[in-house]
Amino acid sequence: MKKEIKQRILDLVSKEIKEINEVADKVKIDIPKEEKFGDIATNLAFLLAKPLKKKSIEIANRVREILEKEEDFEKVEVAGGGFINIFLSRSFYWQFLTKAVEEDSRYGEEREKNKGYINIEFVSANPTGPLHLGHGRGAVVGSTLANLKDYIGLKVEREFYINDAGRQIYLLGKSVYARFRQIEEPDYPFPEDGYRGEYIKEIAEELYQYEREKIMSMLDEDEAIEFCAEYAKNYLLDEVKKDLKDFGVEFDIWFSEKSLYEHGKVDEAIEFLRSKGLIYEKEGAVWLKTTEFGDDKDRVLIKSDGTYTYFAGDIAYHYDKFKRGYDYIINVWGADHHGYFPRLKAAVMAFGVPENWLRVIFIQMVKLFKNGKEIKMSKRSGEFITLRELLDEVGKDVVRYMFLTKDSDTHLNFDIDLALKQSNENPVYYVQYAHARIMSVFREAKKRFNFDPEQDFSPDLSLLKEDIERQIMKEIAFLPDTIYDIAEKEQPHKLTSLTYNLASKLHNYYYHYKFLVDDENLMKARLYLLKAVRSSLRTLFRLMGITPVERM
RNA sequence: GGGCCCGUAGCUCAGCUGGACAGAGCAACGGACUUCUAAUCCGUAGGUCGCAGGUUCGAAUCCUGCCGGGCCCA
């Protein structure tokens, strides 16, 4: 809607001030924080000051005269040395209420998914243990971002990359095998750098119960380890899938790293790069000229002993994505991988993709606090709070919301005590309560007035005269714009404050005004507004993966 | 030695493609339940935006340097 308003303003102004076209790109349409500054504000007078060689305030006054003629602009004011503040007429908002009511939890969504085709890869945890909090944060950010991109009309594929090749998996097999042997021989040595978590023992016990004969009959220890590795990997991957599902996260593609090697994809990618003249050999190794694309040094793809580097596998993986024809791809990574970004970016650019084809969103650490103290997490010792444990303790909605509240690129302190509190200290309940309250009013309307707000009805919206009603209408009208902005800029954390603000207005409205009033027309108008708020809340909840509860 | 993130109210953080007196939540303090759920609402108080320069009509926001916290790489 901002776009339409901007265009309308530009059209009107350009009739009298041609210079506006020169600065049209810089013209901003803002929604001022304070009401006295109008519903929308523009900076265009400042921009015209230079080309017109006049004071911005003079220009602003001139523009004000032009804009005042527009019917939907109830009032136009000049303030703060040249800001132009526009007050929209009340009736202008009505159409958006109707749209919201009709579209429910998909209010403002772009239904045609033809604006682009993208891939978002996130979580991608090694299948060597349970998901931890960092993965959880990545899962929330990734899935919410995917929802946002989908909202604005992109075809989105959600992908999980399974690191099921290499040393980590071998070590996993070795660890499980050792625990397996220890059941009968407690002194059997456990690998120095093995995985020490309790879950390893559980897997070993399961193997002992069902596959004991088979493993014991294997003469070659490596064969047994490989068997254990495969079993453990599948076991853990199933757990991961289950945890993610319960966390409201689904993937379209589960991509196996191992499959790259099995199908010769690595060589294929290297050959492609070789055909572009970007591969050379030195000291018995095969190198990629990543420096040509901004990396600080060239990188080895095949080591002198003939094995591939991890980087080569990653290149093959991204070459596969490249061939799938995405407009761009987003990788959600832990912040500890930031040093890896330049070389991968260089590699994909070597394929011939544009600069921002590969985008990476970094997820900073999550620190867990309980009783005011930090709970240290360590994978080595096997002592760490898993995502599953947190989910069981505080619930999906709380975890998702909390993980979304802060910019993913900053450290997050997660206070378990706060998350468990069912009070005003906990913002999740606050927003959910707003939805529950609306549902409660609807139930009462049915009971007391025998009026079902779920049915289609067309009230007289001109009866919504209160200030708070106007504020709410405005919030609803601009909601799709704001979501669009958030999606484009890839800032899912902003959804929480947006939701909080809307919930806050609803609570305010609820407290100060009665909806179920004797004046039937007024009642219907207010219920209609509530219905539009409900749609807005549901839309936001759906994007964030949070449940719209019916009663609390 | 190089790189990334962060430093804004007592606490946790928004704001950072420059704009109107620096915002929110929690905590603190004072009020509001014969009412559609008070898991709510209203109000008060609280800040040299780490420090110092620079660019600009205008800087929390951009640039440079420094200080402090976390992380990665060599």
Side-chain angles (χ1 to χ4, degrees), chain A residues 25-26 28 30 32-34 36-38 41-47 49-50 55-57 60 77-85 134 295-297 333-343 360 362-365 367 369 372 374 401-402 404-415 417-419 421-449 451 453 468 485 488-489 491 493-498 500-501 503-517 523 526-527 530 549-552:
Chain A
D25 287 348
K26 288 185 179 173
K28 278 209 301 190
D30 287 318
K33 275 171 262 175
E34 289 200 51
K36 62 178 178 184
F37 296 136
T42 175
N43 62 342
L44 68 83
F46 293 103
L47 301 171
K50 242 178 200 168
K55 284 189 178 159
S56 50
I57 191 123
E77 289 179 351
V78 172
F83 280 96
I84 297 165
N85 300 326
D295 195 8
D296 36 338
K297 60 184 179 195
W333 285 352
D336 52 341
H337 289 88
H338 65 73
Y340 191 65
F341 181 50
R343 85 186 71 154
V360 175
F362 292 104
I363 305 288
Q364 292 283 354
M365 278 198 311
K367 285 186 186 171
F369 286 80
E374 184 183 350
Y401 193 91
M402 293 293 196
L404 268 180
T405 49
K406 285 158 192 68
D407 183 350
S408 56
D409 211 359
T410 68
H411 296 262
L412 174 78
N413 292 337
F414 191 100
D415 185 337
D417 303 317
L418 183 105
K421 276 190 195 161
Q422 300 202 354
S423 74
N424 53 348
E425 288 171 62
N426 192 330
V428 187
Y429 293 105
Y430 185 89
V431 298
Q432 283 183 323
Y433 188 37
H435 185 270
R437 272 188 147 169
I438 294 171
M439 296 309 291
S440 164
V441 172
F442 285 7
R443 285 191 294 268
E444 281 301 306
K446 233 167 143 178
K447 203 155 68 179
R448 291 195 206 170
F449 293 80
F451 177 76
I468 183 70
D485 228 45
E488 288 253 291
K489 292 179 184 162
Q491 303 168 313
H493 70 282
K494 288 193 173 174
L495 286 174
T496 52
S497 50
L498 187 59
Y500 196 93
N501 287 338
S504 169
K505 291 215 165 65
L506 186 275
H507 287 312
N508 183 303
Y509 188 31
Y510 183 96
Y511 189 82
H512 293 285
Y513 297 93
K514 283 188 71 66
F515 311 132
L516 303 178
V517 290
M523 175 182 83
R526 289 186 168 167
L527 289 177
L530 287 193
V549 293
E550 305 254 327
R551 57 179 86 224
M552 291 173 78

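Numbered from 1 within each chain, the chains take letters A, B, ... in sequence-line order.
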Interatomic distance at C1', B/rC29 relative to B/rA20, whole Å: 31 Å
N/O donor-acceptor pair, side chain A/Y511 with base B/rA38, under 3.5 angstrom: no
Side chain proximity check, A/M402 to A/P427, heavy atoms < 4.5 angstrom: yes
Sugar-phosphate, base or nothing in reach of A/S497, heavy atoms under 4.0 Å: nothing
G-U wobble or Watson-Crick pairing nucleotide for B/rC16 (cut-off 3.5 Å, both distances): none
Comparing A/F362 and A/H512 on RNA chain B - which has the more 5′ nearest nucleotide: A/F362
Sugar-phosphate, base or nothing in reach of A/Y510, heavy atoms under 4.0 Å: base
Side-chain heavy atoms of A/F341 within contact of A/H337, under 4.5 Å: no
Whole-Å gap separating C1' (B/rG70) and CD1 (A/I363): 17 Å
Closest nucleotide among B/rC41, B/rU40, B/rG3 to the A/N508 side chain: B/rC41
Pair A/Y430-A/Y401, side chain to side chain contact (heavy atoms under 4.5 Å, CB included): steps then yes or no: CA-CA 11 Å; A/Y430 185 89; A/Y401 193 91; over 6 Å; no
Under 3.5 Å donor-acceptor, A/R551 side chain and A/S440 backbone: no
Under-3.5 Å donor-acceptor pair between A/N85 side chain and B/rA20 base: yes
Options B/rA14, B/rA39, B/rC42, nucleotide nearest the side-chain atoms of A/D407: B/rA14
Touch class at under 4.0 angstrom, heavy-atom based, for A/K514 against every strand present: base
Euclidean distance for P, B/rC67 against B/rA28 (whole angstrom): 39 Å
Residue-phosphate contact under 4.0 Å: A/Y430 side-chain N/O, B/rC41 OP1/OP2: yes
5'-most by nearest nucleotide on RNA chain B - A/R551 or A/G339: A/R551
Touch class at under 4.0 angstrom, heavy-atom based, for A/H507 against every strand present: sugar-phosphate
Assigned partner base of B/rG7, Watson-Crick or wobble definition, under 3.5 Å: B/rC67
Identity of whatever pairs with B/rC41 - Watson-Crick or G-U, under 3.5 angstrom: B/rG31
Spacing of NE2 belonging to A/H338 relative to CD belonging to A/Q364, to within rounding of 0.5 Å: 8.0 Å
Whole-Å C1' distance, B/rA59 and B/rA22: 12 Å
Sugar-phosphate, base or nothing in reach of A/H337, heavy atoms under 4.0 Å: nothing
A/H435 side chain near B/rA39 phosphate (N/O to OP1/OP2, under 4.0 Å): no
Phosphate OP1/OP2 of B/rA38 contacted by A/R437 side-chain N/O (<4.0 Å): yes
Separation between the P atoms of B/rG1 and B/rG65, rounded to whole Å: 15 Å
Sugar-phosphate only, base, or nothing, as touched by A/A445 at under 4.0 Å among non-hydrogen atoms: nothing
Identity of whatever pairs with B/rC62 - Watson-Crick or G-U, under 3.5 angstrom: B/rG54
Nearest-neighbour nucleotide for the A/M552 side chain, B/rC72, B/rU37, B/rU12 considered: B/rU37
Same-atom distance (C1') from B/rU61 to B/rG3, integer angstrom: 23 Å
Worked check of side chain to side chain contact (heavy atoms under 4.5 Å, CB included) between A/R526 and A/Y509: CA-CA 10 Å; A/R526 289 186 168 167; A/Y509 188 31; 3.2 Å; yes
A/K494 vs B/rC16: side-chain N/O to OP1/OP2 distance below 4.0 Å: yes
